[in-house]
Amino acid sequence: MDTDVRRYLDDLLAVARAVLGDNLIGAYAAGSVGLDAYQPGRSDIDVALLCADPLPEQTKRALVAGLRHEALPCPARGLELVAYRRSVAASGTPEPGFEVELNTGARMPFRATYAPADRPVADGHFWYALDRSILSQCGYPLLGAPAAEVFADVSPADLRRLLVDALGWWLALPTPPGAEPAPGAEDAVLGACRSLVRVRHGRWLAKSEAGQRLIADGDEATPVIERAIAARRGGPPPSGPQARAFQQRVLDEITQTP
């Protein structure tokens, strides 16, 4: 693990222990860290905290205050942290189900959400169950039992519905109409690759690794996928129409999967 990330996670865990006390029973690195695909300067740090009991409002706010970037500087683009009750993590529910959510960092808009009902529908409610699905497979334990013993995956039907919602959300975002490279199109393409690999092969992979898997499968969109992978190393991303066409094709396949 990147040295700065390891040190930051140690400090984050110390703050969480100080605020939550015995209620903190687990902490897990997710996202690119959990998938062993962290890129300094590009990746976020994703963390899931596990608590035994519901968190009082005052405790949620104290946790946010102690972990926001101004109090504990994040060495990555930003921190995306979510706290769950043990019962929610083990339920396999497709609902958000979180206790508190924090996004914070030097290059990330600040957001603190203290209940799922406060999360705007337009921002997507599918993220959390998908993240818990990834955690169930490859969460990196910082504290507590192995992630596979703590986080239950969602059912196949719920997984497809969540992926359809996620792809629809991405497709609704505005994108440049021309043939010029579109900033962020590489993440749209590779995120769709990851969703498709999960449906076809039953495993979550890091975004670039998922793209490589589809290339190995002989996917017809190989040139677009290769360009998206190269963009993560500094090359030009695909165009907006290329990204949207690939996302739509993935959405169609997942929608039609029995």
Side-chain angles (χ1 to χ4, degrees), residues 1-39 43-55 59-60 63 67 72 74-76 79-102 116 126-159 162-163 166 191 194-195 197-210 213:
M1 187 184 296
D2 181 273
T3 302
D4 289 340
V5 172
R6 177 75 260 184
R7 184 181 302 113
Y8 175 73
L9 290 173
D10 288 343
D11 292 342
L12 182 152
L13 187 55
V15 172
R17 279 174 162 149
V19 174
L20 301 179
D22 292 340
N23 200 9
L24 179 68
I25 56 174
Y28 302 85
S32 59
V33 176
L35 288 162
D36 195 25
Y38 179 81
Q39 288 184 266
S43 298
D44 303 327
I45 295 176
D46 299 85
V47 175
L49 299 180
L50 194 69
C51 53
D53 301 309
L55 299 181
T59 302
K60 296 178 183 181
L63 187 65
L67 293 179
L72 182 64
C74 180
L79 167 71
E80 295 187 348
L81 177 135
V82 186
Y84 297 106
R85 296 192 312 279
R86 173 171 46 195
S87 59
V88 170
S91 69
T93 177
E95 302 306 319
F98 61 84
E99 291 292 301
V100 61
E101 172 190 36
L102 170 65
F126 50 82
W127 305 100
Y128 310 94
L130 291 177
D131 286 345
R132 294 195 299 271
S133 177
I134 295 172
L135 280 159
S136 72
Q137 177 191 299
C138 53
Y140 183 94
L142 308 170
L143 170 71
E149 298 177 9
V150 172
F151 292 94
D153 205 349
V154 294
S155 71
D158 283 333
L159 175 68
L162 291 162
L163 292 175
R194 183 165 65 178
S195 297
V197 167
R198 178 62 177 83
V199 170
R200 285 184 180 177
H201 300 289
R203 287 193 60 78
W204 291 107
L205 299 179
K207 288 179 180 177
S208 292
E209 188 180 358
R213 181 62 183 267

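Reckoned from all heavy atoms, side chains included, excluding hydrogens, waters and symmetry mates. Quantities reported herein were computed from a predicted structural model and do not represent experimental measurements.
Distance CG/Leu81 to CG/Leu63: 6.5 Å, rounded to 0.5 Å. Annotation: the span from Ser208 atom OG to Arg194 atom CZ amounts to 10.5 Å, rounded to 0.5 Å. With rounding to the nearest 0.5 Å, the separation of SG in Cys74 from CG in Asp44 is 8.0 Å. The distance from atom SG of Cys51 to atom CD1 of Ile25, rounded to the nearest 0.5 Å, is 7.0 Å. For the atom pair CD of Gln137 and CZ of Arg198, the computed distance is 7.0 Å after rounding to the nearest 0.5 Å.
When every heavy atom of Tyr84 is checked against every heavy atom of Gly97, the shortest pair comes out as CD2-O, 3.9 Å. Contact record, Ala37 with Ser43: O-OG, 4.0 Å, taken as the closest heavy-atom pair. Nearest heavy-atom pair across Phe151 and Ser136 is O-CB, 3.1 Å.
More than 12 heavy atoms of other residues, nucleotides or ligands shown are found within 6.0 angstrom of CZ on Arg6. A 6.0 Å sphere centred on CG of Asp10 holds more than 12 heavy atoms belonging to other residues, nucleotides or ligands. Asp11 CG: more than 12 foreign heavy atoms inside a 6.0 Å radius.
Side chain of Lys60 to main chain of Glu99: a donor-acceptor pair is present (N/O by atom type, distance under 3.5 Å, no hydrogens or angles). Under the 3.5 Å distance criterion, the side-chain polar atoms of Asn23 are matched with a main-chain donor or acceptor of Asp53. Put simply, the side chain of Arg132 gets close to the backbone of Thr93: a donor and an acceptor are under 3.5 Å apart.
Contact of the Ile45 side chain with the Pro75 side chain is registered, since non-hydrogen atoms from C-beta on lie closer than 4.5 Å. Using a 4.5 Å cut-off on side-chain heavy atoms (C-beta onward), Val47 and Leu67 make no contact. Side chains of Val150 and Leu135 form no contact here, defined as non-hydrogen atoms less than 4.5 Å apart. Inter-residue side-chain proximity for Asp46 and Asp131 is flagged as unmet; no heavy-atom pair is nearer than 4.5 Å. The shortest distance between side-chain heavy atoms of Tyr140 and Asp36 does not fall below 4.5 Å. Using a 4.5 Å heavy-atom cutoff, the side chains of Leu20 and Leu55 are in contact.
Aromatic ring orientation, Phe98 versus Tyr128: tilted (interplanar angle from 30° to 60°).
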